[in-house]
Every structure is written in structure tokens, then in C-alpha cells.
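What follows is a single structure, written as C-alpha cells, with notes after it.
Start at 1 and go down the list; that is how both ligands and their atoms are numbered. None of these values were measured; they are calculated from a predicted model.
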Amino acid sequence: MASKAKSGSKAAKAAEKANIDRFPPILKQVPDNQKQRYAALQETFQKRFGTKPAFFARAPGRVNLIGEHVDYCGYSVLPMALQQDIVMAVGPNPDKKLDLVNTGDHYDDFTTDVQHVEIDDTRPHWHQYFLCGYRGVVEGEKISEPVGMNVVTDGTIPARAGLSSSSALVCCAALATMHSNGLKISKVKLATDCMECEKYIGTHGGGMDQAICFLAKEGMAMHIEFHPLCTSDVKIPNGVTFVIASSCVEMNKAAATHCNFRVVETRIAAQVIAKTEGLDWRKYRVLRHVQEALDTPPAEMRAFCNKDIHSNAWTKNELCTFFGLTNEELNEESMSKNTINENVFELHDRARHVYGEAGRTIKFKKTCDEAKKNYEETLGILMDTSHESCRELYKCSVDELDELVEVCRNAGSLGSRLTGAGWGGCVVSMVPTKKLKEFISKVRTDFYSKTPERQAQVDHTLFATKPGPGARIYEPTNL
Ligand code: ADP
Ligand code: NG1
């Protein structure tokens with residue numbers, strides 16, 4: 001394709017960019033500080049399968065700095081990749097099987113024939129996330145004869161903590177499948193396919209996790225926009241460090257319905273505003289599209305929320321009457337499989353959160369780009385306000401997260417908020433680097449030392465982080 005485009009033309013430039021963004025390059029050198037880990041993984045692979053792995057794939061977790069629960073409403077987010085990741089040692093399986101092993105004690109081995117890959121969305125076992133990524137590439141690239149794969153997986157991302165361990169697993173499996181089948185796919189296409197295929201496990205979130213996983217750049221946070229997917233680098237302020245701390249409350253997204261229900265509530269809120277404003281409401285499924293149709297900036301949509309959506313809860317009966325639909329028709333039109341029994345919808349508050357958070361994310365990016373004097377303070381306020389909105393309007397916080405946010409603020413952070421889906425998981429804080437040691441020690445004492453369960457987790461769930469690189473493939477040399 002690229003060779004057919006006229007040199008210097010728009011098409012040629014686009015083709016060139018797509019080529020640059022394709023996987024591989026395959027990196028020959030595993031980073032020095034990871035060599036021991038990869039060597040151990042290689043040994044496990046060799047013991048289990050009798051040969052060296054053909055390659056390693058790695059995919060990072062992420063922390064979202066701001067822009068929570070807005071990606072599936074069409075709005076931009078601002079995450080950065082973590083150093084913590086999922087790594088897979090991968091080799092061919094001559095019997096056309098997927099033979100999956102995990103270094104974690106509580107993750108069972110799994111084997112299936114490549115032609116019979118089934119995903120049970122009622123039982124979110126670890127291997128099913130692998131199968132999501134696998135199917136994403138096999139179906140996305142229409143591979144009729146996929147090769148068999150032997151895989152040993154190792155992960156360092158705290159799981160069920162809002163740091164996207166599940167998407168890293170899906171993306172890593174997709175990358176391993178791509179390379180095993182001799183394909184080269186652009187990062188944007190991989191991210192897009194993985195956004196779709198993670199839904200096989202039953203979660204209906206947005207595309208933030210998969211996008212940052214493939215498109216992250218070392219040293220940079222990233223502003224990610226959707227429809228179409230595009231990214232711009234965001235330089236985080238000198239003199240601050242982002243610190244992650246876990247509330248020690250786990251939330252398993254695929255096993256719970258909270259997240260999918262918020263997707264449904266925001267969809268119905270969009271449809272209520274659209275109908276009230278005389279738009280063809282069936283065409284609207286996300287709040288951004290209604291906002292664009294009304295030609296009003298997100299931060300000013302509060303007026304429409306107040307005018308068009310009453311602030312007390314809506315019942316399903318009321319919604320059926322409002323839209324002129326039967327219960328079954330409403331299920332079909334607006335609900336998802338595991339939310340059809342819900343009966344109380346907080347449409348006003350959910351829409352208010354989304355529009356406010358969309359505005360805050362844009363402001364956060366702009367503030368970083370302009371980098372005016374003392375702009376860290378503005379960023380801190382935006383993070384704090386984001387948490388309040390998650391707590392009060394989106395109701396995705398829990399007591400332990402609120403307690404931890406308070407502890408972090410008292411320990412000297414400039415801004416602290418829950419990160420990821422919430423209902424448990426982690427808090428991210430922006431801390432002046434010169435106060436980092438003191439901050440960490442205070443959070444240890446004031447939060448983690450309060451219970452033995454918290455104390456047991458402190459070493460791997462309280463850490464400072466720098467923006468890491470995106471997903472990669474490594475050759476198993478020089479280990
Ligand atoms: P999050 O993505 O916020 O970490 P989820 O509940 O969406 O939380 O996904 C967590 C699930 O991902 C775990 O229950 C497990 O099935 C899978 N997972 C995470 N890390 C690993 C790992 N290292 N190996 C195997 N599976 C993992
Ligand atoms: P985590 O934190 O990984 O559960 C989920 C969604 C994101 C985004 C956030 C909330 C998936 C795979 N991830 O993230 O897209 O909506 O919640 O901002 O659905």
C-alpha cells in the first residue's frame with residue numbers, strides 16, 4: 001500500500017506513520033533491571049516445555065491521573081503507563097493447542113485447542129482474559145489457521161486494584177498472538193481490537209487501558225482522545241512525583257456489575273437529554289454526542305442536566321413511560337445483559353459527573369501544556385475535585401478510599417484521587433518530590449499500619465512511579 005502512495009502526499013505520510021507505529025521492532029535487549037526476572041521466566045518455560053521461548057511479550061499496567069469514567073462516554077482521559085507489567089514467555093505449540101501456564105500460585109494451568117476457544121463471561125478466570133486478547137487478533141485479522149502457542153505468564157501489577165492488570169493481560173496475549181502468527185499490526189489497530197475483545201469477558205468499559213498499554217511513551221503521561229483514537233504527550237511537572245497507594249479493598253470488575261451499570265446509566269442519561277431537547281434519541285448512546293449536538297462545551301452542560309433530568313432517582317417504570325417503551329424494549333435499547341434487573345437510576349448525578357470530569361481533564365492537559373508559575377497547585381485542585389465528584393456524584397468510591405485520600409492529603413500531597421474504576425483499588429497522589437520520603441512514611445503509619453491486612457500489602461502496593469514505556473516484544477538473548 002505504502003509504495004503506491006505518491007511520495008510526500010498525505011497518503012504516503014499516513015502510510016509511513018502507520019509503518020512506524022507497527023510492531024515489531026523487536027528489541028534485543030531486556031532492560032538490565034529486568035534481566036533476572038526474564039531469565040527466571042525462561043527457565044520456567046524451559047522446564048515446562050523443554051525448549052527456550054521464541055520471544056517475550058510485555059504489556060504495562062497504568063495509572064489514570066484524571067478523567068475517570070468518561071472514556072466510555074466518548075471523552076478524553078489522561079493516564080500514564082506503569083513500570084509494573086505482564087510478561088509472557090512464548091513458543092510454538094506443534095499440536096495446535098494453547099498451553100497456558102502462570103508463575104502465580106493461584107492461577108491454574110489451562111489448555112485448549114486453537115480452533116475451540118470459548119470464553120465464559122460468567123466465570124472470569126485468568127486464562128479467559130488471555131483468550132479475549134487471542135480472539136481479538138485471530139478475529140480482527142481473520143486468521144483461519146492460527147498457530148498453537150506455549151505460554152508462561154508472569155505479572156507484577158497488583159490485581160483488582162484499578163491499575164489495569166486485566167487489560168495488560170488481554171493486550172499482552174494479543175501481542176503474543178500477533179507475533180506468533182507472523183503478523184505486523186499497528187499499535188492503534190491493536191488497541192482498538194483489544195478494546196472490543198475485552199468485552200468478551202463481560203465488561204463494557206471504555207478504551208483507556210488498552211490505548212495507553214500500546215501507545216505509552218517512556219517519560220510522558222498521555223492525553224488520549226477517542227473516536228478517532230489519537231494521543232498527545234503530556235509532560236508532567238518537574239519537581240512532583242506521582243505516588244500510588246492501595247486502599248487494600250479489591251474489586252473484580254468482571255464479577256461485579258457496578259461498572260456496567262454506570263455505562264448504562266450514562267447511556268440512558270444521554271437519551272433522556274436527547275429526547276427532551278427534541279433530538280432523535282435512539283441515535284444517541286454516549287453523553288459526548290448529545291453535548292456536541294447541543295453545541296455546548298462539556299463544562300457548561302450542567303444547565304442541560306439540571307433542566308432535562310430530575311435530580312431524584314428514576315425508576316425503570318418511569319423510564320419506560322418516558323420513552324414509550326415496554327420493559328423488554330428498554331432492555332434491548334439501553335441495558336446490558338447483567339444489568340437488566342436494576343431498577344433505580346441516578347441519571348442526574350451520573351451525567352453531572354461525566355460532563356464535569358470531561359471539562360477537568362481538558363483543563364488538566366491545558367494547564368500542563370501552558371506550565372505557568374505554580375501550576376502544580378491547579379493540577380492538585382483538579383485531582384481533589386475529581387475525587388469529590390467520583391465520591392458524591394458517581395458514587396464509585398468506598399470508605400477506605402476516602403480515608404486513604406484524606407491520609408494522603410494530610411501527608412503532604414498536592415492532590416489525591418481514586419484511580420481506575422473505583423469501588424476499591426488505588427489512590428494516586430501528586431507529591432512534591434522533595435517531600436516524597438516523608439509522604440510515604442506518613443501514609444505507611446497513618447493508613448497501612450492500622451490493620452494487619454494492610455500491613456501485609458504495603459510493600460507492593462505503596463510506591464512512587466514514573467511514566468513507563470508501552471507494550472513490547474523482546475528476543476530472549478543475553479539473559
Ligand atoms: P484490574 O484490571 O483493575 O486489575 P480486574 O478485576 O478487571 O482488575 O482484573 C483482575 C483480574 O485479571 C484478576 O482477577 C485475574 O483474573 C487477572 N489477572 C491480573 N493479573 C494477573 C496475572 N499476573 N496473571 C494472571 N491473571 C491476572
Ligand atoms: P479499571 O480500573 O481497569 O477497572 C475501568 C475501565 C476503563 C475506565 C475506568 C474508569 C475497562 C477494561 N476498563 O478501568 O476503560 O472506564 O474503569 O475510568 O473496562
Against heavy atoms of Met251, which atoms of ligand 1 measure under 4.0 Å?
6 (O)

Side chains of Asp154 and Thr44 in contact at under 4.5 Å (non-hydrogen atoms):
no

Under the rule for salt bridge (charged side-chain N to carboxylate O under 4.0 Å, His left out), what residues qualify as partners of Lys235, not counting sequence neighbours?
none

One finds that the ligand 2 atoms under 4.0 Å from a non-hydrogen atom of Tyr72 are 16 (O)

Taking 4.0 Å as the limit for heavy-atom contacts, which would you say applies to Ala421 with ligand 2: side chain only, backbone only, both, or neither?
both

Residue part near ligand 1, for Leu169, under 4.0 Å between non-hydrogen atoms:
side chain

Tyr474 ring centre to Arg58 NZ or CZ under 6.0 Å, with the angle to the axis within 45°?
no

Indicate, as side chain, backbone, both or neither, the part of Met251 found under 4.0 angstrom from ligand 2 when only non-hydrogen atoms are considered.
neither

Are any of the N or O atoms of Ala159 closer than 3.5 Å to those of ligand 1?
no

Distance to the ring centre below 6.0 angstrom and angle to the axis at most 45 degrees; does that hold for Arg302 and Tyr355?
no

Counting each atom of ligand 2 from 1 as listed, which ones have a heavy atom of Gly162 under 4.0 Å away?
2 (O)

Quick check: Asn102 and ligand 1, any N/O pair under 3.5 Å apart?
yes

Distance filter under 4.0 Å to Ala161 heavy atoms, resulting ligand 1 atoms:
3 (O), 4 (O)

Under 3.5 Å: N/O of Ser166 near N/O of ligand 1
yes

Residues in side-chain contact (heavy atoms from CB on, under 4.5 Å) with Lys52, at least two apart?
Gln42, Gln46

Should one rank Arg62, Arg160, His69 by closest heavy-atom distance to atom 14 (O) of ligand 2, which comes out on top?
Arg62

Is it the side chain, the backbone, both or neither of Tyr107 that has a heavy atom closer than 4.0 Å to ligand 1?
side chain

Would you mind running through ligand 2 and noting each atom that sits below 4.0 Å from a heavy atom of Met208?
8 (C), 9 (C), 18 (O)

May I ask you to check whether Ser165 has an N/O atom sitting below 3.5 Å from an N/O atom of ligand 1?
yes

Proximity of Ile86 to ligand 1 by residue part, where a heavy atom lies under 4.0 Å
side chain

Please indicate whether any nitrogen or oxygen in Arg160 is less than 3.5 Å from any nitrogen or oxygen in ligand 1.
yes

Heavy-atom neighbours of Lys96 NZ exceed 12 at 6.0 Å:
yes

